[in-house]
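The block underneath contains the structure these notes are about, expressed in structure tokens.
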Amino acid sequence: MSKELELEINRLKKLNLLFEESNKVAKIGVWEVDVINHQLFWSKTTKLIHGVPNDYIPSLSAALNFYKPGKSSQLIKEAVEQAIQKFQPYDIEVELLRKDGSTCWVRAKGSPEVHNGQCVRLFGTFQDIQEQKEKEFELIDKELKMAAIFNNNIDALFLTNPIDGSILKANKAASEMFGYTEAEFQQIGRNGIIDLTDSKISSILKERVQEKQITTDLIGIKKDGTKFPIRVSSGIFMDSQGHAQASTCIIDMTEIVHYQKQVSETARKFKGIFDSAFQFIGFLTPDGVLTEANNSAIEFAGLKPADVIGKKFWDCHWWTISDKTQNELKASIEKAAKGEFIQYEVEILGANNKTTTILFNLKPLFNEKNEVYSIIPEGRLIQDIVDTRKELISKNNELASFATIVSHDLKEPLRMVSQFLAKLEQKYSGALDDKARLYIYYAVDGAKRMSKMIDELLNFSRISEKDKTFESIRVDRLIDDILQGFKQIIEENNIKIEIGVLPEVLAIRTAFKILLTNLIGNAIKYRKKDGLPVIKINCHEETNDWLFTIQDNGIGMEKEHHEKIFQLFSRLHTRTEYEGTGIGLATCKKIVELHYGKIWVDSTLEKGSTFFFTIKKNINV
């Protein structure tokens, strides 16, 4: 071998090594098939791509099994067949199934060599394109997601040319909002859907160019010409080719504007009601800072809003009447901040430091987490009520004193009249005729009735608010005690008393006993002269009250008298028929009202009566 030939061979070997190394870096392997002799050659890089060792000897049939079954396998087989039979080169992307079972995307290129009308050789390359394919799939996935977001967004989205305003793309929501198809949007452009008479359009477009993004409210125009309020948010960006594009989002503000008008109108009405209310109203934070006060409260104290808004409520002018008043308010706000409703009467300062009394309350407001987020303070002027109440208490005290004095002063001469008439009858009875003795009887009987009426009037006047001391009472035991007082008349007249299950109640003991005694006594008194008298005493539990019933089968009364009988001195019968003063049921009504209840009767003449009365179950004593 000549030295020149040896040098040329070495040079070719080096070139081949460089070619192989470059192919390895580029992940490109070469291959060759001798179609006549069915021999296959793979380069080292080709074997590396297939995941086989360098000493691996490939065969044509085995090589085709390296392709992923299905589409890739079918595609490569068809390409090889077309190259051999029809001399067509191929350049395809298929999935390769490596020796270890992993898959790899490759670009397979092949070309036929033809002699005398016959393919004698195929040669080509394999390129590992797994990384490119993954990036391609990732890009496609992103594009699909972006397209889904764009097309399915509930707001109208546009892709536009920021220079000429042409619309490149519009989503479904945009078509629904404006009434145009995507093709129609591309024809009319941005200017076809925006009211260009708005003078701020040009400045907005300039601002978008400078700031790259803007948000503004404009007027949109639908395909049918309808104008409606819209909110436009638009930004400029550069696409992959370096071209400027604008993405624009448009929201239909029709409902929002309508809602804002309603809110504004409601707020205006609320403010009007808030400021024109006679009572003093405001809003506090849970820690007692006054955030709002109505005109009634501000003007009452001769103040301005700036004098009190933002201050601790107890430091505001109204409450500086005394340290005690301020401390009481501060403690009350702390309770209200924990969810408690507060109410009490208090004196406050008005203009010129004039004092007045208000009924004051603190009402906590709760959020969805049941936490107090605000407190409403409210005050109502009740000075007239307080003054009237003081005067009424004074008059009642005077009346009670008067009743006591009068009853004593009246009963003393009545006792003298009764005593001297009795002595007159004893000493001169023999000298008196029947008419004189009858006159003496009438005079003594009148004095007794007058004495009894004075006693009952005195008892009636003594039942008052100041005696409201409530205690727990077993009603069944109280009834037993009352019936002992009627024992003789019950036995003499064979009166049947039926008593149901009776509760334990909160009541004023003495007053409650008078109430039951009067009602049971009336049931006994107004019994029929014939037949067996039956009296039924029962109680039923209601939501907030105890409902008592005392039922008899006595003489009853007509419906027109059902309300009249509870009036003072009201009587339906003569004294010769039934004794009484007409004060008993009026006393019952007064006692029931002291227990926050009501009393009424259901009665039919000659069929009996049922008296009903209620008392509160839970009384704040």
Side-chain angles (χ1 to χ4, degrees), residues 263 266-267 269-298 300-301 303 305-350 355-383 385-386 389 465 468-472 504-506 541-546 595-597 614-621:
V263 171
T266 301
K269 291 179 180 178
F270 170 77
K271 185 65 175 173
I273 295 171
F274 181 74
D275 283 332
S276 62
F278 288 112
Q279 64 265 40
F280 308 149
I281 307 174
F283 289 95
L284 304 175
T285 61
D287 61 351
V289 175
L290 183 65
T291 58
E292 191 81 25
N294 70 344
N295 287 344
S296 298
I298 298 292
F300 169 78
L303 302 172
D307 297 330
V308 291
I309 302 301
K311 293 178 66 175
K312 293 290 187 180
F313 195 36
W314 50 84
D315 290 330
C316 296
H317 172 77
W318 305 287
W319 306 97
T320 56
I321 188 170
S322 70
D323 291 341
K324 179 182 177 183
T325 301
Q326 289 178 296
N327 291 333
E328 184 179 18
L329 174 61
K330 187 175 181 181
S332 297
I333 290 174
E334 289 175 357
K335 292 179 181 178
K338 295 177 181 177
E340 185 176 343
F341 175 78
I342 306 295
Q343 186 175 71
Y344 61 97
E345 291 181 10
V346 62
E347 275 194 338
I348 60 171
L349 288 177
T355 63
T356 191
T357 303
I358 62 170
L359 178 62
F360 177 70
N361 63 65
L362 293 167
K363 182 179 181 180
L365 300 179
F366 300 89
N367 60 20
E368 65 278 359
K369 296 180 180 179
N370 203 33
E371 299 168 337
V372 176
Y373 71 91
S374 186
I375 301 170
I376 299 177
E378 181 196 15
R380 298 172 184 243
L381 291 170
I382 58 168
Q383 191 61 54
I385 297 174
V386 171
R389 186 172 61 204
E465 290 282 337
K468 288 175 66 172
T469 302
F470 290 87
E471 59 182 287
S472 181
E504 187 172 341
V505 301
L506 281 174
E541 184 176 7
E542 299 188 330
T543 304
N544 299 312
D545 304 305
W546 293 112
H595 290 78
Y596 309 103
T614 63
I615 65 171
K616 286 292 180 185
K617 287 166 62 177
N618 299 310
I619 298 174
N620 184 11
V621 297

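Values reported hereafter were calculated over all heavy atoms of this structure, with side chains retained and with hydrogens, waters and symmetry mates removed.
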I'd like to know whether Leu284 forms a side chain to side chain contact (heavy atoms under 4.5 Å, CB included) with Leu362, so could you lay out the CA-CA distance, the side-chain angles of the two residues, the decisive distance to 0.1 Å, and finally the verdict.
CA-CA 9 Å; Leu284 304 175; Leu362 293 167; 4.2 Å; yes
Test log, rule side chain to side chain contact (heavy atoms under 4.5 Å, CB included), inputs Ile376 and Phe283
CA-CA 5 Å; Ile376 299 177; Phe283 289 95; 3.8 Å; yes
Working note: Ile375 + Leu365, criterion side chain to side chain contact (heavy atoms under 4.5 Å, CB included); need CA distance, chi angles, decisive distance, verdict.
CA-CA 6 Å; Ile375 301 170; Leu365 300 179; over 6 Å; no
Ring pair (Phe, Tyr, Trp, His ring centres under 6.0 Å) between Phe280 and Phe300, worked out
CA-CA 9 Å; Phe280 308 149; Phe300 169 78; 4.8 Å; yes
Thr356 and Leu381: CA distance, side-chain angles, deciding distance, side chain to side chain contact (heavy atoms under 4.5 Å, CB included) verdict
CA-CA 8 Å; Thr356 191; Leu381 291 170; 3.8 Å; yes
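In this structure, OG1 in Thr355 is found 7.0 Å from CG in Leu349, a value given to the nearest 0.5 Å. Atom CD1 of Ile348 is separated from atom OG1 of Thr325 by 10.0 Å, given to the nearest 0.5 angstrom. Rounded to the nearest 0.5 Å, atoms CD1 (Ile309) and SG (Cys316) are 7.5 Å apart. In this structure, Leu329 CG and Phe313 CZ are separated by 6.0 Å, a value rounded to the nearest 0.5 Å. We find the CG-CG distance between Asp545 and Asn618 to be 9.5 Å, quoted to the nearest 0.5 Å. Of the inter-residue distances, the one linking Lys616 atom NZ with His595 atom NE2 reads 13.0 Å to the nearest 0.5 angstrom.
Annotation for Ala336 and Pro364: closest pair O-CB, 3.3 Å, computed over non-hydrogen atoms. Residues Ser296 and Gln279 share a closest heavy-atom pair of CB-O, 3.9 Å. When all heavy atoms are compared, the tightest approach of Asp315 to Lys311 is O-NZ, 3.6 Å. The two residues Val372 and Pro286 come nearest to each other via the heavy atoms O-CG, 3.5 Å. Minimum interatomic distance between Tyr344 and Ser332 (heavy atoms only, all atoms of both residues): CE2-OG, 3.5 Å.
Using a cut-off of 4.0 Å between Lys/Arg side-chain N and Asp/Glu carboxylate O, Glu541 and Lys617 are scored as salt-bridged.
Side-chain atoms of Val505 and Ser472, non-hydrogen and from C-beta on, never get closer than 4.5 Å to each other. For the pair Lys312/Val289, a side-chain contact is recorded, criterion being any heavy-atom separation below 4.5 Å from C-beta on.
Here the side chain of Asp307 pairs no donor or acceptor atom with the backbone of Leu303 at under 3.5 angstrom. The closest donor-acceptor contact from the side chain of Asn361 to the backbone of Ile342 lies at 3.5 Å or more, if one exists at all. Gln326 places a side-chain N or O within donor-acceptor distance of the main-chain N or O of Trp314, the cut-off being under 3.5 Å.
Checked against the 6.0 Å centroid criterion, the rings of Phe360 and Trp318 do not qualify as a close aromatic pair.
Note on residues 324-347: pairs passing salt bridge (Lys or Arg N to Asp or Glu O under 4.0 Å), not counting sequence neighbours, are Glu345-Arg389.
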